[in-house]
There are 2 protein chains.
Amino acid sequence: MNNSVTLRDIAKALNISASTVSRALTDSYQIGPETKKKVLAYAKLHHYIPNRMARGLKEGRSRSIGVVVCAIDNSFVAQMLNGIDKFYTEQGYQIIIMQSKELYEQEKACIDLLYAGGIDGLLISPSYQTTDFSYLNELQSAGLPIVLFDRLSDGINTHKVAADHLKGAYQATQHLINNGYKAIAHINSNTQLNMATARFEGYKKALTNAGLPIKNDLIKFFDTTNLTVLNKNLELAIHELMSLKEKPDAIFTATDSLTIRCLILLKQMKYSIPKDVALIGFSNTDLAQALSPPLSTINQPAFEIGRLAAEKLLLLINSKNSEPFETLLLATELQERDSTLMR
Amino acid sequence: MNNSVTLRDIAKALNISASTVSRALTDSYQIGPETKKKVLAYAKLHHYIPNRMARGLKEGRSRSIGVVVCAIDNSFVAQMLNGIDKFYTEQGYQIIIMQSKELYEQEKACIDLLYAGGIDGLLISPSYQTTDFSYLNELQSAGLPIVLFDRLSDGINTHKVAADHLKGAYQATQHLINNGYKAIAHINSNTQLNMATARFEGYKKALTNAGLPIKNDLIKFFDTTNLTVLNKNLELAIHELMSLKEKPDAIFTATDSLTIRCLILLKQMKYSIPKDVALIGFSNTDLAQALSPPLSTINQPAFEIGRLAAEKLLLLINSKNSEPFETLLLATELQERDSTLMR
DNA sequence: AAATCTTACTAAAACGATTTATTAAAATAT
DNA sequence: ATATTTTAATAAATCGTTTTAGTAAGATTT
């Protein structure tokens, strides 16, 4: 902690009371203009910084926000965090980031720690494992403002901000159909979160609208929690898909890590993309264009999701009058590249 | 803030004093065993959580650590943050991450905010622009424990943790030489930080040791602060290099973003890698194998750098006896892939 | 000129935990 | 039986800020 000047130091030096100094610094009407000037000048000269702990204790809040994400070293997450960070830095709030690593128990542990740390609000993108939201509901009832972002659920009623997963998936599938692909496989996470089902819905809707059949043996769901297990299962699945009598001519992958892993596996298995099979997926990496082949992607407005969620939470914190909760779904963007070239 | 149980609530409920409760919870010898048992039971039952602000105020510290990095949405940085976060979560500390965006002024602003927020220590990876360390020296003199990580400088005397840039660069260059490349270009950032010069030194040392000449027209330094400007200059430079009479048969790029940008530009200009020119660089992306061609890289132990720096800082915070400052240089790892295939 | 209202300030309490100094009671030593 | 030590507790101060409740002195009203 900094051993800096305190209110009392200023008060003593100027021969006035601490309360006067406090009021002068907040430009209160109760303080005369010359006194204000004196105090401000002294405070500036001696680099007075109000003690965050003392203020927090008195005001009953910490001006810090807890943020729980699956992992910090994931480029999409990092982009969202960037948006969150930018907003709160502007607002004089601190953020405390914690990682669930896609584990429900660890997520609870993170939230406990954050709550114990005295956060003013919680921003959470739930883990893939999370199905039980009673925990969050309890905290909400206890008065903790909570906003869900990126990964939504009906398990809790509050503000929610995410990409429009259904439309994004529709966009991707539609794009494949437009480019002449007809047997489109779908690879998704088996999480209970809305995200996965919404993306699956978008896929089915695009197929149906184009008059194409929905074939169950082209649809695969995986436990994406354990990465080594996932990689094995994925390899098996791709093998299975490509050995089908009516094998897919395109794959739509529903998450960032699935997309990248599929690309790597397909290359390892010496399939040519898009000649043997086209590939498109949700992915926010700026390296998509440098991949081989350059990868068509559905991009989510990561920064914007973070920023809007942060705004919503601050609103929630500052207004005790409960406005109705909103769900914001932001548009995704299709990036056409070589991995889905026209048939 | 949570409206939870306080020490006084417990005291009142059990008809004892607040100080007794406090002591019982810290297992003080001054409290009898039954009293301790009673207090602990009550505290557990009612989910007592000590108020962080109150404790911080009393103890004169916040148990929070400031971390300043160039940008959070950079995969290498995110990996280091992961290491830092893991350690401090275990230790019951919070971290507050701020971004300099490679700008000296913004870096100062971040540090100001963190200092004002009452951090117990500062972990900093300076921006490329930073040449003046007097600011950090002042804070250090004012009693703030500081540890430098990832990007080091002689501008301040303290604990420092980073990859061994010189050896890493030597490793890369040596690898190219071993694989039959002779005209090796070097592209680097023009920052004043040790990192850049160390990598340049490693490059020169490897050439010299192999009896190869150091040619100035194969060596380029860039302002890596502004990305759009950088991209233009880089394009020009590659053009220039490849138009030389004695053009390079390999390029060693000294930073993550330079490596990726060069790869993209070379592909755009239709150069074949490694046939026309080989490419190796510092880069920590796990997508290296999925790039086209799979990219040979020098990997830094990012997680470990973060973790060790965090440990060093906590040591500094907790021990007021000043041990001598250490500089830890961690070994890098060569990942051989197709972009540097044997000639 | 007395009563009321502003203006500009201050003293003291409060926030919740820790800690120093104190004390009463019990146990041990002389 | 008295002196001394140990044990187990407590009251009160403290950290640095904000805020409630006052209070003089001067200005304004009646």
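Quick note on labels: first sequence line is chain A, next is B, and so on, each numbered from 1.
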Figure out the [atom1]/[atom2] separation between [X] and [N], and round it to whole Å.
| X | N | atom1 | atom2 | answer |
| --- | --- | --- | --- | --- |
| Gln30(B) | dA9(D) | CD | P | 10 Å |
| Tyr29(B) | dT7(D) | OH | C1' | 10 Å |
| Ile10(B) | dT10(D) | CD1 | P | 14 Å |

Ignoring hydrogens and angles, answer whether the base of dT10(C) and the side-chain atoms of Arg23(A) contain a donor-acceptor pair closer than 3.5 Å.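 Indeed there is one.
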Does Arg61(A) get its side chain close enough to the base of dT17(D), under 3.5 Å, for a donor-acceptor pair? no
Side chain of [X], heavy atoms from C-beta onward: which of [options] has the nearest atom to it?
| X | options | result |
| --- | --- | --- |
| Leu7(B) | dT18(C), dC15(D), dT17(D) | dT18(C) |
| Ser17(B) | dC9(C), dA11(D), dT18(C) | dA11(D) |
| Ser19(B) | dA21(C), dG16(C), dT19(C) | dT19(C) |

Distance test, side-chain N/O of [X] to OP1/OP2 of [N], below 4.0 Å:
| X | N | answer |
| --- | --- | --- |
| Thr20(A) | dC9(C) | no |
| Thr26(B) | dT18(C) | no |
| Ser22(A) | dT17(D) | no |

Would you mind telling me which residue lines up with the more 5' stretch of DNA chain D, Asn15(B) or Thr6(A), judged by nearest nucleotide?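 Looking at DNA chain D, the more 5' nearest nucleotide goes with Asn15(B).
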Return whichever of Glu59(B) or Val21(B) has its heavy-atom-nearest nucleotide of DNA chain D closer to the 5' end.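 The residue closer to the strand's 5' end, by nearest nucleotide, is Val21(B).
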Cation-pi check, Arg63(B) onto Tyr88(B) ring (under 6.0 Å, within 45° of axis): no
